[in-house]
Amino acid sequence: QVQLVESGGGLVQAGGSLRLSCVASGSTFSSAVLGWFRQAPGKEREFVGCISWNSGNTFYAESVKGRFTISRSRDNYKNTVSLQMSSLKPEDTAVYYCAATWRSAGSAQAGPVKKNEYDYWGQGTQVTVSS
């Protein structure tokens with residue numbers, strides 16, 4: 001059973017930084033793509049970025065490109081995907097979700113960007129950016 005557990009959310013001032021983590025377990029992730037999405041109150045869940053576990057290639061939404069960085073690591077059988085967020089803006093305030101998919105054959109060159117292309121989701125972690 002695939003499990004994704006996010007952590008690292010919190011309150012930060014505009015211009016600040018925050019690092020989110022997603023621990024992935026329950027499967028072999030070598031051919032998976034791990035994505036980050038976010039959902040602000042009253043809005044649709046939107047794509048933030050994703051990473052190919054195998055190649056490390058990443059793809060980002062235009063709204064976060066240059067400010068957010070996704071990375072992955074494996075240490076003692078613990079698979080972790082991180083989202084480093086810098087130059088945060090109040091409009092980055094949302095619940096951030098980690099998601100996993102095996103449908104793209106491990107490629108993250110241009111997504112997947114649609115939430116229905118991902119099969120497994122974490123519970124989310126709140127990020128609040130104050131102005």
Side-chain angles (χ1 to χ4, degrees):
Q1 180 73 13
V2 174
Q3 285 192 316
L4 304 172
V5 180
E6 303 97 332
S7 62
L11 174 64
V12 63
Q13 288 189 331
S17 299
L18 205 59
R19 186 179 183 90
L20 306 183
S21 294
C22 171
V23 176
S25 61
S27 184
T28 302
F29 290 89
S30 57
S31 60
V33 169
L34 280 294
W36 284 97
F37 285 74
R38 65 187 181 185
Q39 188 165 17
K43 294 189 176 182
E44 291 288 318
R45 190 170 299 188
E46 66 173 3
F47 174 79
V48 172
C50 62
I51 185 168
S52 164
W53 188 270
N54 183 43
S55 68
N57 288 338
T58 54
F59 183 75
Y60 299 94
E62 285 297 321
S63 59
V64 306
K65 197 175 290 184
R67 299 189 299 123
F68 290 11
T69 302
I70 298 174
S71 60
R72 89 290 193 225
S73 64
R74 178 175 165 86
D75 181 27
N76 292 330
Y77 305 102
K78 185 177 177 181
N79 305 297
T80 302
V81 177
S82 299
L83 177 65
Q84 178 67 46
M85 304 184 292
S86 303
S87 302
L88 283 162
K89 306 174 182 179
E91 50 263 44
D92 294 318
T93 294
V95 177
Y96 282 72
Y97 297 90
C98 176
T101 181
W102 280 260
R103 301 194 218 174
S104 66
S107 172
Q109 287 188 329
V113 302
K114 296 179 181 179
K115 58 187 179 192
N116 61 8
E117 295 179 287
Y118 289 80
D119 297 307
Y120 298 94
W121 293 85
Q123 82 288 350
T125 186
Q126 176 71 47
V127 172
T128 303
V129 184
S130 63
S131 56

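Heavy-atom minimum distance, Cys22 versus Leu4: SG-CB, 4.0 Å. Across every non-hydrogen atom of Leu34 and Tyr118, the tightest pair is C-CE2, 4.5 Å. Taking both residues in full, the closest heavy atoms of Val33 and Ser52 are given as CG2-CA, 4.3 Å, listed atom of the first, atom of the second, then distance. For Thr125 against Gly9, the heavy-atom pair with the smallest separation is OG1-N, 3.2 Å. Residues Leu11 and Ser130 come closest through the heavy atom pair CD1-CB, 4.3 Å. The two residues Ser17 and Gln84 make their nearest non-hydrogen contact at CB-NE2, 4.0 Å.
Note on Trp121 and Phe47: same hydrophobic cluster, where clusters join Ile, Leu, Val, Met, Phe, Trp and Tyr whose side-chain heavy atoms are under 4.5 Å apart, directly or indirectly. At a threshold of 4.5 Å between side-chain heavy atoms, the hydrophobic network of Ile, Leu, Val, Met, Phe, Trp and Tyr places Phe37 and Leu20 in two separate groups. When hydrophobic clusters are built by joining Ile, Leu, Val, Met, Phe, Trp and Tyr residues whose side-chain heavy atoms come closer than 4.5 Å, directly or via intermediates, Trp36 is grouped together with Tyr120. Residues Met85 and Val81 share a single hydrophobic cluster, defined by chaining ILVMFWY side chains whose heavy atoms lie under 4.5 Å apart. Residues Leu88 and Leu83 are members of one and the same hydrophobic cluster, defined by side-chain heavy-atom contacts under 4.5 angstrom among Ile, Leu, Val, Met, Phe, Trp and Tyr.
Without hydrogens or angle criteria, Glu6 side chain to Gly124 main chain gives a donor-acceptor distance under 3.5 Å.
With values rounded to the nearest 0.5 angstrom, Asp119 atom CG is found 5.0 Å from Thr101 atom OG1. Rounding to the nearest 0.5 Å places CG of Asn54 at 8.0 Å from OG of Ser31. Here the OG-NZ distance, from Ser131 to Lys89, works out to 14.0 Å after rounding to the nearest 0.5 Å. With rounding to the nearest 0.5 angstrom, the NZ atom of Lys43 is 8.5 Å from the CD atom of Glu91. In this structure, Thr93 OG1 and Arg38 CZ are separated by 9.0 Å, a value rounded to the nearest 0.5 Å.
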Note to self: What verdict does the side-chain contact (heavy atoms from CB on, under 4.5 Å) test give for Tyr60 and Thr69, after you've listed the backbone C-alpha separation in whole Å, the side-chain angles of each residue and the deciding distance to 0.1 Å?
What the structure shows: CA-CA 8 Å; Tyr60 299 94; Thr69 302; 3.9 Å; yes
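Counting heavy atoms from C-beta on, the side chains of Arg19 and Ser82 come closer than 4.5 Å. Two residues are said to be in side-chain contact when any heavy atoms from C-beta on lie closer than 4.5 Å; Arg74 and Trp53 meet this criterion. Side-chain contact between Asp75 and Ser73 is absent, with no heavy-atom pair separated by less than 4.5 Å. A heavy-atom distance below 4.5 Å is found between the side chains of Val23 and Lys78. Inter-residue side-chain proximity for Ile70 and Phe59 is flagged as unmet; no heavy-atom pair is nearer than 4.5 Å.
The aromatic rings of Phe29 and Trp102 are tilted relative to each other, their planes meeting at an angle between 30° and 60°.
Legend: residues meeting ring pair (Phe, Tyr, Trp, His ring centres under 6.0 Å) with Phe68, ordered by chain and number and at least two apart, are absent.
Counting heavy-atom neighbours within 6.0 Å of Gln109 CD, excluding the residue itself, gives a total of 12 or less.
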